[in-house]
Amino acid sequence: MTAQVSPIPSSRQPGSRTNKRRPWTVGEWIAEIVKYTVLILLAISFVMPFYWMFSSALKNDAQVYVAPPIWFPNPAYWNNFPDAWNSQPFTQYMLNTLFLYAIPYTIGTVLSSSIVAYGFSRLQWKWRDTLFYLCLATMMVPFQVQMVPLFMIFKRLHWINTFLPLVVPAFFGSPYYIFMLRQFFRTIPTELSDSARIDGASELDILFRIILPLSRPALTVVSLLAFIGAWNDYLGPLVYVHDQSKFVLALGVESLRRTFTFNSTIANAYPYLMAVSTLVVLPIIIIFFFGQRVFIEGISMTGIKE
Amino acid sequence: MNRSLIKVRSQREILLGFLFVSPWLIGFLLWTVYPLASSFYYSFTRYDLLRPAVWIGLGNYIELFTEDATFLKVIGNTLYYVLLSAPLGVVSAFLMAALLNTKIAARPFFRAIFFFPAIVPSIVVAMVWQFLLNTQFGLINSLLQGLGLPVIPFLSSPALAKPSLIMIYMWAQGNAMVIFLATLQDVPRTLYEAAELDGANAFQKFWAITIPMCTPVILFNLIMGFIDGFQSFTLPWLITGGGPSNSTELYGLYLYRNAFEYLRMGKASALAWMLFIVIVFFTFILFRTSARWVYYGGEK
């Protein structure tokens, strides 16, 4: 994971036909042009929808409903951002998303998944691998299948309309993150824990004093992915959280849209929706901007063959 | 004497191991095994959360297959969606990864952009695409009209709504793409060099080396794609809400509706169990056929 993603010298890349001495043939020129055209068209298809979201957030209704489309709204209504944000208690939604869901969920996931991953990688014991494969297999049980019975369980516990059904299970580890952390823990030399054991350290000491400090990159990826997973989650809060005062951002955006669908005379429906969408995705863009390498390399790990 | 010492040690090790994995193990029993078992029971009952559950035997299953016209439509929709979205998602991710793996300038930049839609909240993806594909003032239809083409009712025509959802799914394949890219970079260069000595062209190298070397990851992503597809909920729910005229009412939506809109927990449990069995069955079939098309390297 700390390894570079592309350590291979570019001249040895599979698609490479370049030989520095020889000038390119016409066919190679055409291939290059086609390749970059496709690349740029794809890049546009990924960026344009988000640019359009942002630019529409700055428009008024007249600018939205006009043809041909306006790419650079002038005048730009920057006030749409605070106005849309305050049209519903989005600050409350954001605080709920952060402090009632995303942060406790992330803490629970990282803590429990590290402990479990330690048991699956740094300890030698009978049945370890059997249980690990069972753990991996549970990734295939879809949430939809557990959703109905879990709802009944949490209803009996009077946990509906709280964040407990979303946060408490996180403290029992998540197979995907257990797998990622295990892959990383396995790369740490066993001599480190062996010598600590000789010095009388307990396994928990070894985990918290040796393994975790050495696993900062893996812990970063797992924390970021868990945080983003909770921040982006829609179905979980939809099922368990019903009071508007407890809404998360995803539910807030949906509820804003619903007020517009039911009352189509409200002004600036689309600009407001796009403004709120922009604000909801903004933290993700910032996290991604700073952590994209860590991120992408972390996800790459899940594809590594055993 | 030695043997009993070893036995004691290994018992201690097992205890320690269990202790460390106990959070997952307890969670597995609480949040997976128990729900599965209890929903199996509830699938044979009528239960609305208010009154006690009533045992009705196979009633829910019989109703689904004989009286419920929507359910048959839902099965058709889901099979259509899954059988197209899973392979097309893999193809899209694989081609994007292969393109990024060629010699290109600014690869990290393009990789980041290609990946980005995968981490955008579904609610935002839904709002943006609904807006883009709108027939009256959506950007895409405005551009088509500008080119003198007719307006396409991407989301409002029963024939096009599913393909539109599949297209959006293919668009957000960053996760699978990144996994493919890592795999492509692991393919030993020596294989390509040997093929070049034998006079293989770029296409032959791609077909005979790149694809076979990636088959284990193709299998992994295909299975994930099928599971995603069968339980697909958030995007269809937010973008089309199952419409128009039930054309995008997928299994996940129908299950949710029965449970939380109609409060038919028994029927929803039956739906959940059938979904579980179908997913296990599909995964099993994929694994069974994999011996024929997946290359697991020399050692394994």
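Residue numbers start from 1 in every chain, and the chains themselves are labelled A, B, ... in the order their sequence lines are given, proteins ahead of strands.
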Best-contacting candidate, B:Ile140, B:Ile227, B:Leu191, against chain A by heavy atom pairs under 4.5 angstrom: B:Ile227
Atom group of A:Ile115 that falls short of 4.5 Å from chain B, counting heavy atoms: both
Close side-chain approach of A:Ile160 and A:Phe151, heavy atoms under 4.5 Å: yes
Leading residue by heavy atom contact count with chain B [cutoff under 4.5 Å; candidates A:Leu273, A:Val239, A:Val276]: A:Val239
Residue part contacting chain A, namely of B:Leu99, when any heavy atom lies under 4.5 Å: side chain
Which portion of B:Ile14 sits near chain A, non-hydrogen atoms under 4.5 angstrom: both
Parallel, tilted or perpendicular, as decided by the 30° and 60° cut-offs, for the rings of A:Phe247 and A:Tyr93: tilted
Ring centroid separation B:Trp24 to A:Tyr118 under 6.0 Å: no
Engaged part of A:Leu134 at the chain B interface, taking heavy atoms whose separation is under 4.5 Å: both
Interface residue of largest heavy-atom contact number with chain A, from B:Ser142, B:Ala37, B:Ser38, B:Ala112, under 4.5 Å: B:Ala112
Residue B:Phe109 excluded, over 12 heavy atoms near CZ under 6.0 Å: no
Minimum heavy-atom distance between B:Leu181 and B:Arg111, given as atom pair plus value: CD2-CD, 3.5 Å
Heavy-atom side-chain proximity of A:Val281 to A:Ile285 below 4.5 angstrom: yes
cation_pi(A:Arg128, A:Phe120) dist<6.0 Å, angle<=45: no
Ring-face cation contact, A:Trp52 with A:Lys59, 6.0 Å cut, 45° max: yes
Side chain / backbone / both / neither for A:Pro68 at chain B, heavy atoms under 4.5 Å: neither
Smallest separation among heavy atoms of B:Ala98 and B:Phe206, with atom names: CB-CE1, 3.8 Å
Heavy-atom pair count under 4.5 Å with chain A, highest-scoring of B:Ala118, B:Ala259, B:Pro117: B:Pro117
Chain B contact via A:Tyr36 - side chain, backbone, both or neither, heavy atoms under 4.5 Å: side chain
A:Phe154, part contacting chain B, at a heavy-atom distance under 4.5 Å: side chain
Residue B:Phe18 versus chain A: region with a heavy atom under 4.5 Å: both
Proximity breakdown for A:Ser45 and chain B, heavy-atom pairs closer than 4.5 Å: both
Aromatic plane relationship, B:Trp237 with B:Phe233 - under 30° parallel, 30 to 60° tilted, over 60° perpendicular: parallel
A:Trp71 and A:Ser55, any side-chain heavy atoms less than 4.5 Å apart: no
Top contributor to chain B contacts, counting heavy-atom pairs under 4.5 Å, from A:Met274, A:Met139, A:Arg122: A:Met274
Proximity breakdown for A:Leu204 and chain B, heavy-atom pairs closer than 4.5 Å: both
Aromatic ring proximity, centroids under 6.0 angstrom, A:Phe260 and A:Tyr270: no
Segment of A:Leu207 engaging chain B (4.5 angstrom heavy-atom cut-off): side chain
side-chain contact (heavy atoms from CB on, under 4.5 Å) evaluation trace for B:Tyr42 with B:Met265: CA-CA 7 Å; B:Tyr42 281 111; B:Met265 292 293 166; over 6 Å; no
Toward chain B, the part of A:Ile228 with a non-hydrogen atom under 4.5 Å: side chain
Region of B:Ile223 in contact with chain A, defined by heavy-atom distances below 4.5 Å: side chain
Heavy-atom contact with chain B under 4.5 Å, split by part of A:Lys126: both
Basic-acidic side-chain contact under 4.0 Å: B:Glu193, B:Arg189: no
Greatest number of heavy atom pairs closer than 4.5 Å to chain B - which of A:Gly119, A:Gly229, A:Cys135: A:Cys135
Matching residue for A:Pro175 among A:Thr138, A:Leu136, A:Val141 - test: side chain to side chain contact (heavy atoms under 4.5 Å, CB included): A:Thr138
Contacting region of A:Arg156 [heavy-atom separation from chain B under 4.5 Å]: side chain
A:Phe46 ring center near B:Phe116 ring center (under 6.0 Å): no
Largest heavy-atom contact set with chain A, pairs under 4.5 Å, which of B:Thr32, B:Ile119, B:Leu132: B:Ile119
Residue selection (most heavy-atom pairs with chain A, distance under 4.5 Å) from B:Gln130, B:Arg12, B:Met274: B:Gln130
Chain A contact via B:Tyr34 - side chain, backbone, both or neither, heavy atoms under 4.5 Å: side chain
Region of A:Ile178 that comes under 4.5 Å of a non-hydrogen atom in chain B: side chain
Proximal component of A:Leu42, with respect to chain B [non-hydrogen, under 4.5 Å]: both
Contact origin within B:Phe276 toward chain A - heavy atom pairs under 4.5 Å: both
For chain A, the option from B:Gly174, B:Gly252, B:Ala268 that forms the most heavy-atom pairs under 4.5 Å: B:Gly252
Top of A:Met152, A:Met53, A:Met48 for chain B proximity - count of heavy-atom pairs under 4.5 angstrom: A:Met152
